[in-house]
Amino acid sequence: MKKEIKNHPDLYIFVSCTQLYTDAVIHEKPYNALMARYLSALNDKAEYECSNEVYKQLDRTFLGEYDFACMDDTYENIDKNGELISDKLCASKEAYLVLTRHQSTGLSILTIIIPQNSYDVTAIQDQVSTDHIYLSDIGENKFERLSTVLQEKYGLKKIGNSKCLVCLKNKPQSEQELCAMLASESYNSTQMDYKIKSNQFLTMCNTNIAQYDFYEAYASSSTVVYIVDKISKVFKDNLEYEIAMVFICELILFQNAAIARANDRIIKSLTSEVRISLKYIEELHVEFGKTIVFWNVNNFKYELPQILSDLIAESFQTPKLLEGYRRNQEHLEHLIDLRNSQSSEREGKVINAIAILLAVIQVIPLLIDAVHFTINSGVNLVYPVSFSAMGFLVVLILFILARKRKAKKSKHRL
């Protein structure tokens, strides 16, 4: 039985991206009054709330309007090649795309905005969770995967997990519907009839992280549900209440994007057969270091927005992701140390062999001179040869002992 959904929320989908090409040019679409108001409100709110100068380094661009393909959770309208069968769509909704870029790091946040969405918002969230986002130019009915649109039109690659901000006028009457929103799963699943019984999610549904009395906010690792009774059916009027939360989510997503990109490259290095140099590690450090502008402990002028931002970052698992990145980084550096140690050991063996050869070459003239002297003077050969051989052995033994001592110290350091 289909469950009734009365809410028509403003939905924001945040997609973290990195530039594929340093010379990629992103053109702004022709003027759109609604998006001009959105961009103006976002820039004004950033200037008003943000204490971190990073907001001055962000460049926001309206990419245009698209049709957003809406599906149910069977995804039977996707063929085996991942292509969308458009005549099997449940619906399509008009969506606006805005890109926020930080040029010096090459990181971007794509925001997909679906105002006053009348389709089941949890079904769209399910699409976000399963990476079934398809877009088409308005009216053309030619849908392509978001990843294809990002790469071919804008030279961007998706990184990390996408997040949702669901802005509602009223809290869902059903706790199960709110749970589904926070879990980013379809409330009206066609796959199975179920109820969420997770204590973790039931606790989230009853944990209001709001810092002021005019709204409620609930957060999970994938979604923020933001409830303000002043939200109306007119999107441009809602911006007054929604834009601060949009900016908070955007800033946190830049942090997550920085971690995701660095972590992806480290994992790729760990699984690669190619030897990784210390120079490459240094380049990773420098690249991540450029994102330090997003990691200010106090990004906001006022304490309460900062507290809210910290709570959402914790829900979005930013500290946990950062810990995982550091762990992988330490493992990569340790692996490089081990490989360098093995390389040094091999080089040491080669040097030992060369040293022995040199020692032999050094003793041979002494033996020849001794033989010549003995033949010419009639002296017994035993003593000169014995002394020469003894000299050779002393040099050889001293050298081997020195190399063993060096190897032992190196092993102790590891």
Side-chain angles (χ1 to χ4, degrees), residues 10-17 38-39 41-58 60 98 100-102 105 107-111 113 159-168 181-182 184 203-205 207-228 231 238-261 288 290-325:
D10 293 330
L11 174 63
Y12 301 83
I13 302 168
F14 302 101
V15 183
S16 304
C17 305
Y38 170 84
L39 292 172
L42 191 52
N43 289 328
D44 290 347
K45 181 57 70 173
E47 186 173 1
Y48 178 76
E49 296 275 7
C50 192
S51 60
N52 190 338
E53 290 293 300
V54 68
Y55 77 89
K56 295 180 181 178
Q57 303 169 21
L58 299 177
R60 295 186 173 90
V98 173
T100 302
R101 290 178 292 170
H102 189 255
T105 60
L107 294 173
S108 303
I109 305 300
L110 174 72
T111 305
I113 307 165
I159 51 174
N161 296 323
S162 301
K163 310 293 182 185
C164 294
L165 169 62
V166 182
C167 299
L168 302 168
M181 288 180 183
L182 292 173
S184 289
T203 300
M204 288 177 192
C205 288
T207 304
N208 180 9
I209 62 173
Q211 302 301 304
Y212 295 100
D213 63 356
F214 69 87
Y215 70 93
E216 294 179 48
Y218 304 89
S220 68
S221 62
S222 63
T223 301
V224 174
V225 177
Y226 180 61
I227 304 164
V228 186
I231 287 178
N238 297 339
L239 291 175
E240 177 183 350
Y241 308 104
E242 297 174 358
I243 208 70
M245 190 65 81
V246 171
F247 178 67
I248 288 172
C249 290
E250 190 180 72
L251 203 56
I252 295 168
L253 262 291
F254 268 112
Q255 296 177 348
N256 284 16
I259 298 169
R261 182 176 65 179
F288 190 76
K290 289 180 180 178
T291 70
I292 199 69
V293 291
F294 300 115
W295 297 97
N296 195 327
V297 175
N298 294 306
N299 282 319
F300 296 89
K301 296 175 183 177
Y302 300 103
E303 191 166 349
L304 292 179
Q306 183 63 56
I307 292 172
L308 178 61
S309 176
D310 291 342
L311 290 171
I312 294 174
E314 188 174 351
S315 295
F316 281 0
Q317 299 185 331
T318 305
K320 187 176 179 181
L321 293 171
L322 186 59
E323 181 184 345
Y325 156 71

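Owing to the predicted nature of the structure, the values given are computational and were not obtained by experimental measurement.
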- Separation between CG of L182 and OH of Y218, rounded to the nearest 0.5 Å: 9.5 Å
- Check the angle between the aromatic planes of Y212 and Y215 and answer parallel, tilted or perpendicular using the 30° and 60° thresholds. tilted
- Nearest heavy-atom pair of W295 and L322: which atoms, and what distance? CZ3-CD2, 4.2 Å
- Message: Quick one, L251 and S309 - any side-chain contact, counting heavy atoms below 4.5 Å?
- Response: no
- Query: Taking atom types as modelled, is there a side-chain donor on T100 or E250 under 3.5 Å from an acceptor on the other?
  - Reply: yes
- Report yes or no: do D310 and Q306 form a side-chain donor-acceptor pair below 3.5 Å? yes
- Heavy atoms from other residues, nucleotides or ligands near NZ of K301 exceed 12 (cutoff 6.0 Å): yes
- Side-chain (Q211) to main-chain (I209) donor-acceptor, under 3.5 angstrom: yes
- Point-to-point distance, once rounded to the nearest 0.5 Å, from OH of Y302 to OH of Y48: 3.5 Å
- Task: List for me each residue that meets ring pair (Phe, Tyr, Trp, His ring centres under 6.0 Å) alongside F254, sequence neighbours excluded, and say none if there are none.
- Result: F294
- Query: Can you tell me how far CG of L165 sits from CG of L11, rounded to the nearest 0.5 angstrom?
  - Reply: 8.0 Å
- Note on the structure: Here the gap from I227 atom CD1 to L168 atom CG, rounded to the nearest 0.5 Å, amounts to 5.5 Å
- Message: With a 3.5 Å distance limit and no angle check, can you tell me whether K163 reaches the backbone of S221 through a side-chain donor-acceptor pair?
- Response: yes
- Sub-4.5 Å side-chain heavy-atom contact between N161 and S222: no
- Is a side-chain N or O of T111 found less than 3.5 angstrom from the main chain of F14, in a donor-acceptor match? no
- Message: Rounded to the nearest 0.5 Å, what separates atom CD1 in I312 from atom CD1 in I248?
- Response: 5.5 Å
- Which value, rounded to the nearest 0.5 Å, describes the distance between S220 atom OG and Q317 atom CD? 9.0 Å
- Note, V246 side chain near L239 side chain (heavy atom, < 4.5 Å): no
- Message: Using every non-hydrogen atom in the two residues, find where T318 and I259 come nearest and quote the distance to one decimal.
- Response: O-CD1, 3.8 Å
- Side-chain heavy-atom pair L321, Q255 within 4.5 angstrom cut-off: no
- Of all residues at least two apart in sequence or in a different chain, which pass the side chain to side chain donor-acceptor pair (under 3.5 Å) check with D10? Q116, N238
- T223 side chain to M181 backbone, donor-acceptor under 3.5 Å: yes
- Under 4.5 Å between any side-chain heavy atoms of I159 and L107, yes or no? yes
- Residue pair T291 / T105, side-chain donor-acceptor N/O under 3.5 Å: no
- Trace of the side-chain contact (heavy atoms from CB on, under 4.5 Å) decision for F300 with L308: CA-CA 10 Å; F300 296 89; L308 178 61; over 6 Å; no
- Item | E314 atom CD, over 12 foreign heavy atoms within 6.0 Å | no
- Message: For N208 versus A217, what's the shortest heavy-atom pair and its separation?
- Response: OD1-N, 2.9 Å
- Mind listing the closest non-hydrogen atom pair of P319 and A313 along with its distance? CD-O, 3.6 Å
- Side-chain (S51) to main-chain (N298) donor-acceptor, under 3.5 angstrom: yes
- With the side chain counted from C-beta on, respond yes when C17 and I109 share a heavy-atom pair under 4.5 Å apart, and no when they do not. no
